[in-house]
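Every number for a ligand or one of its atoms is a count from 1 in the order of the listing.
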Amino acid sequence: MNLSWKRYLLWFAQEHVDFRFAEITSIIQLLNIPIKWVEEPTPEDPYWIVQLPSEEAAHLIASRSVSLRCCLELWGRAKDIPTLHESLKKYPFDEMSKYFQSDISFKIHVETFCKHFTQKEKVQKIETFSYLPLKGTVQLIDPDVCLHYIEYYGLNPNDIPEKPLDVFFGRWICDSARYLISKISLKTRKFIGNTSMDAQLSLIMANQACCKPGDICLDPFVGSGSLLVAAAQFGAYVIGTDIDYMMLHARTRPSRITQKKREINEGILLNMKQYHLEHLYLDVLVADFSLPLWRSEFQIDSIITDPPYGIRESTEKIGIEKDNYELTEEHLQNHVPSKVDYGLSQIYHDLLSFSAEHLKLNGRLVCWFPVYRDDYSPEILPENSCLQLIANSEQILNKYTSRRLLTYEKVKEFDKNHLDVMKEIPDFRQKYFAHGDETRKERKAKRAELREIGRLESLKRSNNQSDNR
Ligand SMILES: C[S@@+](CC[C@H](N)C(=O)[O-])C[C@H]1O[C@@H](n2cnc3c(N)ncnc32)[C@H](O)[C@@H]1O
């Protein structure tokens, strides 16, 4: 890499803001890109100003990130418009002038954040840059050089200041990998389930897991395989397990309101084929995660997963509540094992213990963890002595609940003679259903009710959409 440090503006999408830092720091660690902060980033503003060693470094970061929108080589930056023009005039002319040649077409793009301007007003803003000695022709579609002028009016649409809070001018370098969000969108995916993870969050997870070509990535609660699609999109070989035979074989009721029955080959492999990723699909297996399945030598690069919380899907494992139950010979052949509750403390204890044993050193576990917001403190998070928590981002679901995306890195070799004890974590599910003494049957009925409400809301939404068309 040819090192020539310059200032760059990383311009972010204002969506899943709390995940930005964890995503970008994972990408720069994965790609081994040094980065210097020009300004300490604030958690909520949609821009970072950084120094990077080369333009290629900016391209590499953008090629993976879905939190980022685009990257500019920053020529001018100020807190008000007159100072921006002064700062732009001070930018080394030699650096800019190579883009001002007569054979280089250009365009100046104006973006205003949190305030609307008419096209005429935007043209007036462009004219304020007339001192730039641009000699080429203006070309609005696919120009050789695109210069961006951004006015930032803060984040509060109910209190928009008269003048911008921040202004930026620079040369567009590249867009990010956000095109992947529509490429693998659930709207057009062939096989989805009720709890399929949306494309953007799946891609963020695969980035935080540092998935890369040649890796093996596992989802032990794979469901409809959304996370496998994202990991494979970044080149990892993927494998999954789930206790639900009907889900893995796509025999469950279709989740789309418009779909009456499942397609013949519907399933995770069909999704992989849809995105031309089938060469990275190892397999999926019907298996109960609470029971050992893998040989201890089986080592993987990353685990990305969304364990069941018991709200829209059951949290069960194979077992029986009766004492000393013995299966008779005659029932053995057609026996369908019964299930018992799989508590959250046990699920997360198993998940972290499994990761400690089967991840390679420095491999990552990226998993969701449900919380009651009032109960939250970092002390309640699952722990394991071989794993270090390196990122913890919150997605708020409603006033009371949220889920946190936890990223752990394996920092110590697993020792089977030194097993961690299970940590009791607050039972999200019991609190969600409000009554701790509810039976499994009652909870099952409540879940069915919740799913039905979901279906009706979805039907209502699709009716409204067709009315609006
Ligand atoms: C939240 S869903 C995962 C959804 C998945 N990320 C997707 O995009 O479709 C949790 C999954 O865990 C599975 N599950 C529940 N208990 C399990 C167990 N004991 N062993 C393995 N899988 C289990 C459920 O069948 C369900 O598919």
Side-chain angles (χ1 to χ4, degrees), residues 184-187 189-206 208-209 217-233 238-256 262 266-272 275 284-294 302-320 337-351 353-355 365-370 395 397 401 403-406 428-429 432 440 443-444 447 450-451 454:
I184 63 165
S185 163
L186 293 180
K187 284 190 199 147
R189 190 170 304 164
K190 291 190 187 283
F191 170 53
I192 57 165
N194 289 341
T195 55
S196 294
M197 183 63 64
D198 83 58
Q200 182 167 359
L201 289 172
S202 304
L203 291 160
I204 287 177
M205 289 176 77
Q208 288 185 199
C217 177
L218 166 78
D219 182 352
F221 300 99
V222 73
S224 64
S226 312
L227 307 181
L228 300 192
V229 168
Q233 188 59 56
V238 292
I239 188 161
T241 60
D242 199 289
I243 199 170
D244 190 345
Y245 173 96
M246 301 294 272
M247 172 54 92
L248 280 195
H249 289 86
R251 306 257 176 95
T252 49
R253 209 160 139 196
S255 307
R256 281 197 181 89
R262 298 269 186 197
E266 217 176 300
I268 297 175
L269 180 57
L270 186 67
N271 288 346
M272 292 292 176
Y275 305 123
V284 290
L285 310 166
V286 178
D288 176 356
F289 185 64
S290 71
L291 300 171
L293 170 72
W294 306 99
S302 55
I303 297 172
I304 53 177
T305 197
D306 182 19
Y309 322 141
I311 307 302
R312 284 185 298 164
E313 73 293 81
S314 53
T315 47
E316 292 171 327
K317 60 178 182 172
I318 290 168
I320 189 148
S338 64
K339 295 192 184 123
V340 292
D341 257 346
Y342 193 12
L344 279 195
S345 301
Q346 189 68 55
I347 291 181
Y348 283 92
H349 175 74
D350 291 351
L351 181 59
S353 306
F354 178 88
S355 306
L365 161 68
V366 180
C367 63
W368 289 99
F369 180 74
Q395 184 193 19
L397 301 174
T401 63
R403 57 180 179 178
R404 288 183 167 263
L405 186 62
L406 306 179
F428 175 80
R429 179 180 43 174
Y432 189 92
R440 271 179 72 221
R443 278 204 294 272
K444 222 170 181 172
R447 271 198 301 272
L450 276 172
R451 277 198 294 270

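- By the side chain to side chain contact (heavy atoms under 4.5 Å, CB included) test, Ser353 is found to be paired with His349, Asn384, residues two or more places apart in sequence or in another chain being considered.
- Under 3.5 Å, the side chains of Ser255 and Asn194 contain a donor-acceptor pair of N or O atoms.
- In this structure, Asp244 contributes its side chain and Met246 its backbone to a donor-acceptor pair below 3.5 Å.
- In summary, the side chains of Ser226 and Ser202 do not present any donor paired with an acceptor at a separation below 3.5 Å, with no hydrogens or angles considered.
- With hydrogens and angles left out, the side-chain atoms of Asp288 and Tyr342 include no donor and acceptor closer than 3.5 Å.
- Aromatic ring centres of Tyr309 and Phe369: separated by at least 6.0 Å.
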Give every pair made of an N or O atom of ligand 1 and a protein N or O atom lying under 3.5 Å apart, one pair per line with both atom names and the distance to 0.1 Å, or write 'none'.
residue: ligand 1; atom: 8 (O); partner: Met197; partner atom: N; Å: 3.1
residue: ligand 1; atom: 8 (O); partner: Ser226; partner atom: OG; Å: 2.7
residue: ligand 1; atom: 9 (O); partner: Ser224; partner atom: N; Å: 2.8
residue: ligand 1; atom: 9 (O); partner: Ser224; partner atom: OG; Å: 2.7
residue: ligand 1; atom: 16 (N); partner: Glu316; partner atom: O; Å: 3.4
residue: ligand 1; atom: 19 (N); partner: Asp288; partner atom: OD1; Å: 3.0
residue: ligand 1; atom: 19 (N); partner: Glu316; partner atom: O; Å: 2.8
residue: ligand 1; atom: 20 (N); partner: Phe289; partner atom: N; Å: 2.9
residue: ligand 1; atom: 22 (N); partner: Ile243; partner atom: N; Å: 3.2
residue: ligand 1; atom: 25 (O); partner: Asp242; partner atom: OD1; Å: 2.7
residue: ligand 1; atom: 27 (O); partner: Asp242; partner atom: OD2; Å: 2.7

